Protein chains: 2
Amino acid sequence: MVRKRLPSGGDARPTVHTVAARAGVSIASASRVLNGVGGSPETIRKVREAAAEVGYVPNAIARSLQSQRTGLIALAVEDIGNPVYVAMMRAIEAVVAESGRQLLVHATGGKVDNETALLRRLANRYVDGMIVSPIRVTDAHLDALVDSPVPVVVVGQLPEDAPVDNVRTDSRTGVALAVDHLVESGRRQIGFVNGPLDTVPGAARDAGFRAALASHGIEIDDRLIEVGDFQYAAGRAATQRLLARAQPDALLCANDLIAVGALHALYGANQTVPQDVALVGMDDTELAQMAFPQISSVSLGSVTRGRRAAELLLERIADPSLPPRREQVAPSLVVRASSVAESPTPHGLPTVEVTA
Amino acid sequence: MVRKRLPSGGDARPTVHTVAARAGVSIASASRVLNGVGGSPETIRKVREAAAEVGYVPNAIARSLQSQRTGLIALAVEDIGNPVYVAMMRAIEAVVAESGRQLLVHATGGKVDNETALLRRLANRYVDGMIVSPIRVTDAHLDALVDSPVPVVVVGQLPEDAPVDNVRTDSRTGVALAVDHLVESGRRQIGFVNGPLDTVPGAARDAGFRAALASHGIEIDDRLIEVGDFQYAAGRAATQRLLARAQPDALLCANDLIAVGALHALYGANQTVPQDVALVGMDDTELAQMAFPQISSVSLGSVTRGRRAAELLLERIADPSLPPRREQVAPSLVVRASSVAESPTPHGLPTVEVTA
DNA sequence: TTGTACGCGTTATCAG
DNA sequence: CTGATAACGCGTACAA
């Protein structure tokens, strides 16, 4: 037997049909009134009344199927506990809200499976566009990106030929800024606490660090290089391992979470900062300012990158025929108390910004 | 003229029709193969092939309209930069992922309009359920909550009669734990840096603080109470204002972000922690451990609350006829170096003394 | 197993 | 201004 529409049956959610029937008009008229286009005063009154009585609320899914849009933008990042992504998210949110859309965030945990699954699910029309900042990029990943039915903008490094809108920074130069600063301050035993080497930022920062040391004629001592996760606890543990076998007079950390971990490891090893060991982080997040002493940090322009990514996405949504675009944001170094021995206090001091 | 379906026109996205036509079968067969139910080996081959050729990717919106579900859960919090929400989110994510769904997060900025707008948009079937943790609750808000077409669970205080699943804590008791601890440590000039009084947690903590002092027979000195936002910078500024007019020997902060701000304000005022001023935060986030010295903090069980909220939500999705449930998570106090003068610091080091 | 046709809830088009 | 009806893309009874 063929199912027929129930005659406004039971406690099912009211639809336009329910409202129309109750108001004694056609669903077309009901829909028009509900959308505020047209309708005689009398019709408007009847429909409004009926809608209120049955507690009508439109089904956004059905509306989207028809309109081919949802008014939703998604952002996928590895770890929402990392303040750099929070800053990026805020920048994106501002742009997205401006366009009348809403931003949804998903934390992927850096797992490629998770991220491609998200792409396959969300990008299939649940959202009007996506911004994704992957720390690991695989071929499957790239396929998911280019096959995406909705526009996608990538924040971060991507293969040259990937036909995807992309906003990147130059972390090699960023690392060089930090190393230059430390060398100029007279440091020579510069240690490096990095994130996983199988991640895009991890690999780039490792290469940048080695190149920067080489440019100063400093030999690379692998005992001064340690790897962990991009997190506080891992950064602290990694620094402890490093300190157990070497005596750095400076420490560069691949992000601010690691830097705070390093700071605590240094305290635990009776080292003063910046006197014994100068400390520099990366990403220039709020965390660098919240530490004591405040931590010098390489800004990779995450706010700018987020904003530009959002703008690129909105442009592409408006005009999908645009060619793939690639933008780069220059890094800069924000010097704070953790790397300047002469600095009397972490507070009330103007910070110095150094650009490449 | 009535529009007719274009004969697999141009560069429009392929649909089941496209695939079916190309494979020379009906859309029903195509759909069945695509969903892995039924189909002869030959049909399966043809459909798979056709799908691959045209790069078919299913439209999730259309699928959801039919299936009445999206596999998506949303979480709405005020500020994703607050680590307490990050912890909560992780707990929720674990449960949600377990059920095969994905979690989407939205930061409302504490604006009621924004939050109700989100409820009206997302809850209208874009997601299978929502968890929302509002810091301000208005009538409009409550209406949006109870009218929601999809299940909603609220984390935080709600009026007694609100027919909404709800997981709360008892922040009054939480504040009392902190005050008791400080009083027992011999502190009497206990200051309080709170968040906005027009928020639910702000109001509850203010009441709790006054009640706790009263229970110890300590007179309330309004000069020792200051209000700002639930953020680092605001907490620091508020503490500076407080220190300009009073000399507390202890400071309770309404959350850990404020506590870190207070810590810096104290450093700036030449105060040692915990010797001159004992410091206690709330929420017991990672931030409390990342500060130096590590900050004592009142745990409001945010991880437990998040997990329970997610479990309640999944239960309700499975059975919408359940009666509204209300759960409470007991607070506890985690004592660290910032409030115990005799205690060695977390790293066996004496607390740092700071000079201007 | 396969194809036809209906319905999910909405908006948009067309004729009256 | 109003009503009938075709889509949006998909899943699935039902009959063949």
Side-chain angles (χ1 to χ4, degrees), chain A residues 1-9 12-21 23-47 51 54-71 121 124-126 128 149-150, chain B residues 1-9 12-21 23-47 51 54 56-71 121 123-126 128 149-150:
Chain A
M1 188 194 71
V2 175
R3 280 180 300 158
K4 280 295 173 189
R5 184 190 307 284
L6 300 176
S8 91
R13 286 243 151 239
T15 74
V16 209
H17 294 85
T18 322
V19 175
V25 300
S26 71
I27 61 165
S29 292
S31 175
R32 276 189 290 257
V33 171
L34 262 12
N35 286 302
V37 296
S40 71
E42 175 64 3
T43 305
I44 293 179
R45 190 191 57 74
K46 286 190 295 187
V47 172
V54 299
Y56 170 75
V57 36
N59 182 321
I61 288 280
R63 184 198 303 248
S64 291
L65 179 60
Q66 158 71 26
S67 66
Q68 304 282 31
R69 60 187 304 281
T70 65
R121 176 172 260 163
N124 294 348
R125 308 297 190 183
Y126 273 134
D128 293 341
V150 302
Chain B
M1 192 192 72
V2 174
R3 278 181 300 157
K4 281 293 174 188
R5 184 188 307 282
L6 300 176
S8 93
R13 287 244 150 238
T15 74
V16 209
H17 294 86
T18 321
V19 175
V25 300
S26 71
I27 60 164
S29 292
S31 175
R32 277 188 288 256
V33 171
L34 263 12
N35 287 301
V37 296
S40 71
E42 175 63 3
T43 305
I44 292 180
R45 189 192 57 73
K46 286 190 296 187
V47 171
V54 300
Y56 171 76
V57 36
N59 182 319
I61 288 282
R63 186 199 301 253
S64 290
L65 180 59
Q66 155 73 23
S67 66
Q68 302 284 31
R69 61 187 301 284
T70 65
R121 175 173 260 163
N124 295 347
R125 307 296 188 184
Y126 274 135
D128 294 340
V150 302

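Just so we're clear, the structure is a prediction, and the values are computed from it rather than from any experiment. Every chain is numbered from 1 and lettered A, B, ... according to where its sequence line falls, protein lines coming before strand lines.
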Student: Let's test your reading of the model: under 3.5 Å, does the base of C:dG9 pair with the side chain of A:Gln66 as donor and acceptor?
Tutor: no

Student: Reading DNA chain C from 5' onward, which residue's closest nucleotide shows up sooner: B:Ala28 or A:Pro58?
Tutor: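 Of the two residues, B:Ala28 wins.
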
Student: Roughly how many Å is it from CG in A:Leu34 to C1' in C:dA12, rounded to a whole number?
Tutor: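 Value for this atom pair: 15 Å.
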
Student: Within the structure, does a side-chain N or O atom of B:Ser31 lie under 4.0 Å from either OP1 or OP2 of D:dC10?
Tutor: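 Answer is no, no contact under 4.0 Å.
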
Student: Rounded to the Å, how far apart are A:Arg63 CZ and D:dG9 C1'?
Tutor: 18 Å

Student: For D:dG11, take OP1 and OP2 only and decide whether either is under 4.0 Å from a side-chain N or O of B:Asn35.
Tutor: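 For B:Asn35, the contact criterion (side-chain N or O under 4.0 Å from OP1 or OP2 of D:dG11) is met.
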
Student: Would you kindly compare B:Arg32 and A:Ile27 by the position of their nearest DNA chain C nucleotide and give the one closer to the 5′ end?
Tutor: B:Arg32

Student: Answer whether the closest heavy-atom distance between the side chains of B:Arg125 and A:Arg13 falls below 4.5 Å.
Tutor: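 Sidechains of A:Arg13 and B:Arg125: in contact.
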
Student: Looking only at side-chain N and O atoms, does A:Ser26 come under 4.0 Å of OP1 or OP2 in D:dG3?
Tutor: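 The answer is yes; a side-chain N or O of A:Ser26 sits under 4.0 Å from OP1 or OP2.
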
Student: In whole angstrom, give the distance that lies between atom CZ of A:Arg69 and atom P of C:dA12.
Tutor: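 Taking CZ of A:Arg69 and P of C:dA12, I get 12 Å after rounding.
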
Student: To the nearest angstrom, how far is A:Tyr126 atom OH from D:dG9 atom C1'?
Tutor: 13 Å

Student: The side chain of A:Leu65 lies closest to which of these nucleotides: C:dG9, C:dT10, C:dG3?
Tutor: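 Selected nucleotide: C:dG9.
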
Student: To the side chain of A:Gln68, which of D:dC10, C:dG3, D:dC8 is closest?
Tutor: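 Out of D:dC10, C:dG3, D:dC8, the nucleotide with an atom closest to A:Gln68's side chain is D:dC8.
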
Student: Does a side-chain N or O of B:Ser67 approach OP1 or OP2 of D:dG11 to a distance below 4.0 Å, or not?
Tutor: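 The answer is no; no side-chain N or O of B:Ser67 sits under 4.0 Å from OP1 or OP2.
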
Student: Under 4.0 Å from any atom of DNA chain C, heavy atoms only: list the residues of residues 40-47 of chain A that qualify, in numerical order.
Tutor: none

Student: Heavy atoms, side chains only, cut-off 4.5 Å: are B:Tyr56 and B:Val16 in contact?
Tutor: yes

Student: B:Asn59 CG to D:dG9 P: how many Å, rounded?
Tutor: 7 Å

Student: Report yes or no: does B:Thr18 contribute a side-chain atom to a donor-acceptor pair with the main-chain N or O of B:Thr15 at less than 3.5 Å?
Tutor: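 At least one qualifying donor-acceptor pair exists.
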
Student: State the CD1-CD distance between B:Ile61 and B:Gln66, to the nearest 0.5 angstrom.
Tutor: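 B:Ile61 atom CD1 to B:Gln66 atom CD measures 14.0 Å (nearest 0.5 Å).
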
Student: Rounded to the nearest 0.5 Å, how far apart are CD1 of A:Ile44 and NZ of A:Lys46?
Tutor: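 Reported to 0.5 Å precision, the distance equals 11.5 Å.
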
Student: So, do B:Val150 and B:Asp128 sit near enough that their side-chain heavy atoms are less than 4.5 Å apart?
Tutor: no

Student: Please list all pairs passing the salt bridge (Lys or Arg N to Asp or Glu O under 4.0 Å) test where one or both residues lie in residues 55-64 of chain A, with sequence neighbours left out.
Tutor: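 Sorted pair list comes back empty.
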
Student: Please pick, from C:dT10, C:dG9, D:dC10, the nucleotide with the shortest atom-to-atom distance to any side-chain atom of A:His17.
Tutor: C:dT10

